[in-house]
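The structure under discussion appears below in the form of structure tokens.
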Amino acid sequence: MSRIVQKFGGTSLADVDRIKKVAQRVRLEVDAGNEVAVVVSAMAGVTNQLVDWTRQSSLVHDAREYDVVVSSGEQVTAGLLALALQDLGVDARSWLGWQIPLRTDGAHGKARIEHIDVTGLRNRLARGQVGVVAGFQGIGPRGRITTLGRGGSDTSAVALAAALRADRCDIFTDVDGVYTSDPRIVAKARKLSRITYEEMLEMASQGAKVLETRSVELAMNHRVRVHVRSSFTDAAGTLLVDEDEIVEQQVVSGIAYSRDEAKITVQKVADRPGVAAAIFGPLADNAINVDMIVQSASEDGQTADLTFTVAQMDLDRAVSVLEQSRAELGYAALKPDSNVVKISVIGVGMRSHAGVAKQMFQTLADKGINIQVISTSEIKVSVLIAAEYTELALRALHTAYGLDAAG
Ligand code: ADP
Ligand code: ASP
Ligand code: MG
């Protein structure tokens, strides 16, 4: 007997027929004698609709009320799946975040999980009842509903698996595993049977949304056996593993992209000590994260141009923060640009192999793609390019690193 957490994404729960199929899938594990907790997302598209309604209703963004609204999609699917299971003769009940309780901090809209008291849930599982848990939601320090940030039901699932000390956490989604690149864009992408926690963490944080970043962080820290697989087929999926469990390590394991970037160039700022601090200080004070940075000397030799990226949704705020300190910074102009994409190549093999970055730059140059900003870490190289080249760059790099599927 095993204790299993299964998570189903929005496409797998898109309508009542699919929810019934999911119920059958859950029953297989119950019939095999396992204890099963299921974490659900909202039906595909529902959370977007809910977010949109909050925007239409009010210009004032009260994040506590936003959370009340956007968390509701998961309440619906949790109840429906519990009903569908009962219909199959499976004992099941739904659990909302506050009922478990899954406690978070008070950062509404992007709350972090602090503690999950699984006593009640575990007792029910031990009695053979399936627990259907609404993903993406928790309860904050003041007793209000919180949400974990978009894509957060992956995090609910992995956190629950860790708290329950589950033997496995199966993430059922609309692809049959983690691929070398987004299979929707790179037709030749290959499914990876295994990927290291560390690489998956980079893939996720660089934009591969198949798993949410925090879920991978949690899986890595708690050594949760995460298996990413399809809800529509029985194909073996992708297992998250430690580095020593990988038999044949490629230098580059995957290529991710993020359209969530925006670029700002601050032109002609004085080239003297303290300027970078004067620019990035106010951004940090306003909780705006800066990702890539490059500084270049401008033509007059007295000043420099500073280019950096922020999340797309922070662009307007970042521009207004910098405009407010214009007198103090004394720059010539601000150039915002949201027509950019960040492409990242990732692989633990980079630690021991030189030349990965060079190959990236050469491949993009051969396609006539200009690189605007570069950043690197131990196991990844990222570049910022114009958004219209996304597909071309991904496919060319995929071929260049020998990742294309045979045939
Ligand atoms: P769910 O609703 O099940 O949480 P998501 O839409 O959040 O599903 O994540 C699955 C999607 O992630 C896939 O449909 C795919 O387009 C995208 N994706 C991006 N990069 C990858 C990758 N490297 N491997 C697999 N899927 C990826
Ligand atoms: N329903 C939420 C979202 O769309 C959470 C999730 O699906 O993981 O972001
Ligand atoms: Mg998702």
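Numbering of ligands and ligand atoms starts at 1, following listing order. Just so it is clear, the values below take in all heavy atoms, side chains as well, and ignore hydrogens, waters and symmetry mates.
Classification of the Tyr66-His61 ring pair by plane angle, with boundaries at 30° and 60°, yields tilted.
Contacts of Thr173 with ligand 1, taken as heavy-atom pairs under 4.0 Å, involve both backbone and side chain. Contacts of Glu74 with ligand 2, taken as heavy-atom pairs under 4.0 Å, involve the side chain alone. Of all the heavy atoms of Gln206, none lies under 4.0 Å from any atom of ligand 1, so neither backbone nor side chain is involved. When non-hydrogen atoms are compared, ligand 1 lies under 4.0 Å from the side chain of Met203 (C-beta onward) but not from its backbone.
Near Ala208, meaning under 4.0 Å from one of its heavy atoms, ligand 1 places the atoms 20 (N). Listed by number with element, the atoms of ligand 2 under 4.0 Å from a non-hydrogen atom of Arg150 are 3 (C), 4 (O), 9 (O). Here is the list of ligand 2 atoms found below 4.0 Å of a heavy atom in Ser41: 6 (C), 7 (O), 8 (O). Close approach to Val178 involves these atoms of ligand 1, each under 4.0 Å from a residue heavy atom: 24 (N).
Counting heavy atoms only, Asp182 comes closest to atom 15 (C) of ligand 1 of the residues Val228, Asp182, Thr47. Looking at Thr238, Asp174, Ile171, Ile185, it is Asp174 that brings a heavy atom closest to atom 10 (C) of ligand 1. Closest heavy-atom approach to atom 4 (O) of ligand 1 among the candidates Lys7, Glu212, Met43: Lys7. Closest heavy-atom approach to atom 26 (N) of ligand 1 within the set Val210, Asp154, Leu192: this belongs to Val210.
Using a 4.0 Å cut-off between charged side-chain N and carboxylate O, Asp174 and Arg184 make a salt bridge. Salt bridge Asp170/Arg168: present, at least one basic N to carboxylate O contact under 4.0 Å. Between Arg27 and Asp87 no salt bridge is recorded (no basic side-chain N to carboxylate O distance below 4.0 Å). Residues Lys7 and Glu212 are not paired through a salt bridge, judged by the lack of any N-O separation under 4.0 Å between the basic side chain and the carboxylate. Taking 4.0 Å as the cut-off between side-chain N and carboxylate O, Glu391 and Arg259 count as a salt-bridged pair. Contact check on Lys342 versus Asp291 returns a salt bridge, with a Lys/Arg side-chain nitrogen under 4.0 Å from an Asp/Glu carboxylate oxygen.
Backbone and side-chain nitrogen or oxygen atoms of Pro183 are examined, and none is located within less than 3.5 angstrom of a nitrogen or oxygen of ligand 1. Remark: ligand 1 and Arg184 share an N or O pair separated by less than 3.5 Å (distance only, no angle test). By the 3.5 Å distance cut-off applied to N or O atoms, Thr11 is not counted among the residues near ligand 1. The N/O atoms of Ser41, backbone and side chain alike, include none that comes under 3.5 Å of an N/O atom in ligand 1. When only interatomic distances are considered, the shortest N/O to N/O separation between Gly151 and ligand 2 falls below 3.5 Å.
Counted within 6.0 Å of NZ on Lys191, heavy atoms from surrounding residues, nucleotides or ligands total more than 12; the atom is thus considered enclosed. Atom CZ of Arg165 has 12 or fewer heavy atoms from other residues, nucleotides or ligands within 6.0 Å.
Heavy atoms only, all atoms of each residue included: Val39 and Gly135 are closest at CG1-CA, 3.7 Å.
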Would you check, one step at a time, whether the test side-chain contact (heavy atoms from CB on, under 4.5 Å) holds for Glu217 with Met220?
CA-CA 5 Å; Glu217 223 165 52; Met220 182 157 104; 5.9 Å; no
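Looking at heavy atoms from C-beta onward, Arg144 lies in side-chain contact with Glu65 at the 4.5 angstrom threshold.
For atom 23 (N) of ligand 1, the closest heavy atom belonging to the protein is Tyr179 O, 2.9 Å. Annotation: atom 7 (O) of ligand 1 to nearest protein heavy atom, Lys209 O, 3.5 Å. Closest protein heavy atom to atom 25 (C) of ligand 1: Gly177 O, 3.4 Å. For atom 6 (C) of ligand 2, the nearest non-hydrogen atom of the protein is Ser153 OG, 3.1 Å.
Distances from ligand 1 to the non-hydrogen atoms of Gly254 include no value under 4.0 Å. Within the 4.0 Å heavy-atom shell around ligand 2 one does not find Gly10. Between Gly10 and ligand 1 there is a heavy-atom distance shorter than 4.0 Å.
A distance-only check finds no donor-acceptor pair linking the side chain of Ser58 to the backbone of Thr54 [under 3.5 Å]. With Arg3 contributing its side chain and Leu164 its backbone, the two residues share a donor-acceptor pair below 3.5 Å.
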